[in-house]
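Here's the structure, in structure tokens; my notes come after.
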Amino acid sequence: MSELKLTPRSEDYSKWYNQVIMRAQLADYAPVRGCMVIRPSGYALWENIQQALDRRFKAAAVENAYFPLLIPKSFLEKEKEHVEGFSPELAVVTIGGGEVLDEPLVVRPTSETILGHMWANWIKSYRDLPMRLNLWNNVVRWELRTRLFLRTLEFLWQEGHCAYSSAAEAEAETIQMLNVYTDFAVNDAAIPVIPGRKSESEKFAGAVRSYTIEAMMGDKKALQSGTSHFLGQNFAKAFDIKFLSKDNQLEHAWTTSWGLSTRMIGGIIMVHGDDQGLKLPPKLAPIQAVIIPIFKNDAEKSKVIPVIDQLRQQLAETVRVKVDDREETPGFKFNDWEMRGVPLRIEVGPKDVEKGTVVFARRDVPGREGKSFVPQAGIVEAARSALVTIQSDLLKRATEFRDAHTHEPKSYAEFKAVVEDSFARVWWCGDRQCEADIKEETKATTRCIPLEQPGGSGMCVHCGKPAQEVAIFAKAY
RNA sequence: CGGGGCGUAGCGCAGUCCGGUAGCGCACUCGCUUUGGGAGCGAGGGGUCGCCGGUUCAAGUCCGGCCGCCCCGACCA
């Protein structure tokens with residue numbers, strides 16, 4: 001680490017992004033192209049994301065299970081659109097134990113097919129429905145171009161899979177899970193997202209309808225941060241998932257799937273991070289507050305340390321707190337923890353011991369402005385309330401940023417200028433070719449058709465044909 | 001797969017044009033002094049110069065081939 005400062009975001013956003021990840025020790029490159037090692041700091045963040053989601057899934061009566069990594073290749077081929085979508089990016093095992101396999105096995109890119117296979121056995125009656133499962137696992141997609149957290153050959157995620165006896169229930173659940181993602185993104189990750197429907201060309205391979213939450217990154221590009229799919233009876237028909245209804249009719253089940261991946265970590269980095277490094281939302285931060293002891297000599301040290309021990313103990317009951325007792329200078333530690341994105345820094349030195357105070361420094365408010373003296377007596381309450389404020393200010397700032405860079409161009413000429421560097425919210429006809437033309441001409445794609453619509457109708461921003469819905473267009477990761 | 005860049009200590013690089021026995025900064029170890037915004041001094045440890053082959057008395061350096069990684073594009077959570 002020869003250069004102390006990060007490459008500023010304004011100078012080279014990609015470089016900044018990679019440097020933050022490496023220096024905050026979230027992840028590192030693995031020996032295999034496109035693969036990454038998630039280091040303890042990054043994995044602890046993922047564990048907190050997992051907990052936040054898992055809690056919500058369980059509240060929605062979803063149960064966790066595990067399905068195997070290897071899937072017979074033929075399974076992937078049973079659903080037409082699914083195979084077309086995923087074939088190009090499959091990793092295939094052809095040799096096992098030194099023998100060429102009778103049937104190649106694919107390393108799962110997603111598990112709809114193997115769930116379909118098992119469900120065909122498990123689901124016989126309407127009484128077996130709904131079936132609600134979630135898998136915390138890894139998947140492999142052989143991407144051509146990779147980026148830490150945003151697109152790697154292997155990534156961690158959760159994939160939820162549900163089966164229902166009616167289309168209405170299945171579609172309602174698809175939306176319900178989208179709402180879970182939205183709630184998580186907004187309230188835990190402090191990322192304002194736009195929930196919406198994917199266009200025909202952007203939807204999941206094999207889905208009837210795909211829904212997404214879309215977020216704006218610090219460089220004003222969009223990131224698809226979670227998806228929820230209504231699969232209709234496509235997979236039920238491909239895998240023969242049939243049940244007898246109440247009135248003794250044999251029917252195909254209606255299925256859904258929904259996923260959120262470690263990509264979310266990339267989103268957190270890019271939405272909140274600044275030129276000092278990471279900025280983690282308190283609710284997800286593995287370390288919410290770090291205490292930095294300050295002393296010049298052993299005499300001072302012996303006064304400061306006992307105070308810190310006591311404060312740490314009090315805080316530890318409700319705050320994820322760490323004391324940095326490394327033999328480094330305070331200045332080094334300040335910068336180091338700012339890089340790692342810890343929301344609240346607490347400085348305790350001889351002056352504080354004397355006055356019965358500590359110094360709070362907010363990660364989200366740089367410099368002197370973010371510093372304040374806090375009495376030791378009420379430190380737990382003060383820390384908790386500071387974390388709450390930081391959490392809500394992060395969301396507020398991200399929302400303001402997104403809104404300031406979202407425009408409603410009235411002409412296509414204006415539209416082209418807007419999507420260079422912003423989100424465009426426009427009437428759109430929904431036509432596949434129209435969408436392809438826009439992409440060709442501007443590199444911007446439909447991010448989603450927001451669930452929240454203004455009502456009425458308008459003229460398509462590109463082709464001028466009648467449009468019933470408003471869509472978000474942007475350049476995307 | 002197309003375009004660009006790079007492979008020399010854990011990291012970042014110089015040295016390559018013009019061949020002569022491998023160097024700098026950071027990090028690491030030890031000691032002393034330091035410590036409220038990235039400490040200083042001193043002493044150390046660490047390298048088959050991406051790989052294979054060729055030219056040469058001699059190759060990090062020249063020649064040929066290969067491999068890998070990063071960035072930009074097409075594809076994608």
Side-chain angles (χ1 to χ4, degrees), chain A residues 1-7 12-15 17-19 22-23 25 28-35 84-90 109-110 138-159 181 198 201-205 210 212-215 222-229 257-267 276-277 292-298 300-301 304 324-339 345-353 357-359 361 366-368 370-371 373 439-440 443 445 476-477:
Chain A
M1 232 172 281
S2 62
E3 285 169 33
L4 250 35
K5 296 260 181 226
L6 285 170
T7 300
D12 187 336
Y13 200 80
S14 295
K15 206 164 176 180
Y17 177 78
N18 285 323
Q19 284 179 351
M22 299 294 274
R23 296 202 198 170
Q25 296 182 11
D28 201 352
Y29 291 101
V32 176
R33 176 194 75 85
C35 292
E84 281 172 14
F86 281 107
S87 287
E89 51 187 44
L90 292 179
T110 179
N138 57 340
V139 289
V140 168
R141 299 180 185 179
W142 215 263
E143 302 288 353
L144 298 178
R145 225 187 109 201
T146 58
R147 246 150 128 18
L148 293 171
F149 287 114
L150 299 177
R151 187 170 302 103
T152 45
L153 294 198
E154 177 189 7
F155 59 90
L156 304 185
W157 73 345
Q158 55 70 216
E159 44 175 325
Y181 289 152
K198 278 289 180 191
S201 64
E202 293 272 333
K203 74 176 194 195
F204 176 75
S210 284
T212 174
I213 50 172
E214 294 286 327
L223 185 74
Q224 177 174 315
S225 309
T227 48
S228 186
H229 313 291
S257 66
W258 28 278
L260 186 146
S261 73
T262 38
R263 169 180 263 197
M264 181 54 91
I265 294 174
Q276 288 297 314
I292 312 289
I294 294 159
F295 47 80
K296 289 196 205 318
N297 48 49
D298 283 350
E300 288 185 352
K301 182 177 178 181
V304 167
D324 186 352
D325 56 5
R326 290 179 296 176
E327 290 184 23
E328 299 284 357
T329 62
F332 175 90
K333 293 177 183 177
F334 294 169
N335 284 283
D336 191 42
W337 292 108
E338 280 166 13
M339 181 69 70
R345 181 177 78 235
I346 303 174
E347 305 169 16
V348 185
K351 290 183 228 163
D352 299 296
V353 172
T357 58
V358 301
V359 173
R368 204 163 283 274
K371 286 203 182 193
F373 291 99
K439 184 177 181 181
E440 174 72 29
K443 303 236 161 91
T445 52
Y477 275 98

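Atoms considered below: every heavy atom in the structure, side chains included; atoms not considered: hydrogens, waters and symmetry mates. Chain letters run A, B, ... following the sequence lines, proteins first and then strands; every chain starts at 1.
Comparing the C1' positions of B:C30 and B:U55 gives a spacing of 47 Å, expressed to the nearest Å. A gap of 12 Å separates the C1' atoms of B:G7 and B:G60, to the nearest Å. B:C26 and B:C63 have their P atoms separated by 35 Å, given to the nearest Å. Of the P atoms belonging to B:U34 and B:C41, the separation is 15 Å, rounded to the nearest Å. As rounded to the nearest Å, B:C28 and B:A74 have C1' atoms that lie 44 Å from one another. A distance of about 38 Å separates the P atoms of B:G25 and B:G65, rounded to the whole Å. On the P atoms, B:U29 is 27 Å away from B:A14, given to the nearest whole Å. Across the P atoms, B:C24 and B:G45 are found 13 Å apart, a figure rounded to whole Å.
Across all strands shown, A:Arg326 has no heavy atoms under 4.0 Å from either base or sugar-phosphate atoms. If you check every strand for non-hydrogen atoms under 4.0 Å, A:Ile292 touches nothing. Contacts of A:Pro88 with the nucleic acid, taken as non-hydrogen atoms under 4.0 Å apart, are absent. No contact: A:Ser228 has no heavy atom under 4.0 Å from any strand. Residue A:Val359 is in base contact, counting any heavy-atom pair closer than 4.0 Å across all strands shown. Within 4.0 Å of A:Lys439, counting heavy atoms only, lie sugar-phosphate atoms of the nucleic acid but no base atom. Among the protein residues, A:Lys443 comes within range of the sugar-phosphate backbone only, with heavy atoms under 4.0 Å from sugar or phosphate atoms but none that close to a base. A:Gly259 comes within 4.0 angstrom of nothing in the nucleic acid, heavy atoms only. Here A:Lys351 lies in heavy-atom contact (under 4.0 Å) with a base. If you check every strand for non-hydrogen atoms under 4.0 Å, A:Glu143 touches a base.
When distances run from any side-chain atom of A:Phe332 to the nucleotides B:G36, B:A39, B:A77, the shortest one goes to B:A39. Side-chain proximity of A:Thr329 to B:G37, B:G36, B:A39: nearest is B:A39. In the set B:A74, B:G37, B:A77, B:G37 carries the atom at the smallest distance from any side-chain atom of A:Gln276. Taking every side-chain heavy atom of A:Glu328 into account, B:C28 is the closest of B:G37, B:C28, B:G73. Closest to the side chain of A:Lys296, out of B:A77, B:U35, B:G37, is B:U35.
A:Lys5 is not listed as a side-chain neighbour of A:Gln19, based on a closest heavy-atom distance of 4.5 Å or more. Residues A:Asp336 and A:Glu328 have side chains not in contact (no heavy-atom distance under 4.5 Å, counting atoms from C-beta outward).
Going from atom CD of A:Glu440 over to atom P of B:G73 covers 15 Å, rounded to whole Å. Atom CD in A:Glu327 sits about 14 Å away from atom P in B:A39, given to the nearest Å. Rounded to whole angstrom, the span from the CZ atom of A:Phe295 across to the P atom of B:U34 amounts to 13 Å. A:Asn297 places its CG atom 9 Å from the P atom of B:U34, with the value rounded to the nearest Å. If you take CD of A:Glu300 and P of B:U34, they are 12 Å apart, rounded to a whole angstrom. Atom CD in A:Glu84 sits about 15 Å away from atom C1' in B:C75, given to the nearest Å. In this entry the distance linking OH of A:Tyr477 with P of B:G73 reads 10 Å, nearest Å. Atoms CG (A:Leu6) and C1' (B:G12) sit 14 Å apart, rounded to a whole Å.
Contacts of A:Glu338 classified as salt bridge (charged side-chain N to carboxylate O under 4.0 Å, His left out), with partners at least two apart in sequence or in another chain: A:Arg345.
Between A:Ser261 and B:A77, a side-chain N or O to OP1/OP2 separation shorter than 4.0 Å is absent.
You'll find a donor-acceptor pair under 3.5 Å spanning the side chain of A:Glu338 and the base of B:G37, going by distance alone. With hydrogens and angles left out, the side chain of A:Arg368 and the base of B:G37 share no donor-acceptor pair within 3.5 Å. Side-chain atoms of A:Asp336 and base atoms of B:G38 include no donor and acceptor less than 3.5 Å apart.
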Check nucleotides 69-72 of chain B against the protein and report each pair of N or O atoms closer than 3.5 Å, with its distance, or say if there are none.
unit_1 : atom_1 : unit_2   : atom_2 : d
B:C69  : OP1    : A:Arg33  : N      : 2.9
B:C71  : OP1    : A:Asn18  : ND2    : 3.3
B:C72  : OP1    : A:Ser14  : OG     : 3.0
B:C72  : OP2    : A:Arg145 : NH2    : 2.1

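Not a single donor-acceptor pair under 3.5 Å links the side chain of A:Glu202 to the backbone N or O of A:Lys198. Not one N or O on the side chain of A:Lys333 forms a donor-acceptor pair closer than 3.5 Å with the backbone of A:Ile292. A donor-acceptor pair under 3.5 Å is formed between the side chain of A:Arg263 and the backbone N or O of A:Gln224. When atom types are taken as modelled, the side chain of A:Tyr17 and the backbone of A:Leu148 share a donor-acceptor pair closer than 3.5 angstrom. Judged by distance alone, the side chain of A:Glu143 and the main-chain N or O of A:Thr152 form no donor-acceptor pair under 3.5 Å.
Residue A:Leu156 holds its CG atom at 12.0 Å from CG of A:Leu260, rounded to the nearest 0.5 Å. Note that CE of A:Met22 is 6.5 Å distant from OH of A:Tyr29, once rounded to the nearest 0.5 Å.
B:U21 makes up no base pair with any nucleotide shown, lacking Watson-Crick or G-U wobble contacts both under 3.5 Å. In this structure, B:U61 forms no base pair with any nucleotide, since neither Watson-Crick nor G-U wobble geometry is met with both distances under 3.5 Å. The pairing partner recorded for B:C75 is none, the criterion being a Watson-Crick or G-U wobble arrangement whose two distances lie under 3.5 angstrom. Across all strands shown, B:C69 forms a Watson-Crick or G-U wobble pair, both distances under 3.5 Å, with B:G5. The base-pairing partner of B:G31, taking Watson-Crick or G-U wobble contacts with both distances under 3.5 Å, is B:C41.
Nucleotides of RNA chain B nearest to A:Trp157 and A:Pro330 differ in position, and the one nearer the 5' end is that of A:Pro330.
The environment of CG in A:Asp298 is sparse: at most 12 heavy-atom neighbours from other residues, nucleotides or ligands sit within 6.0 Å.
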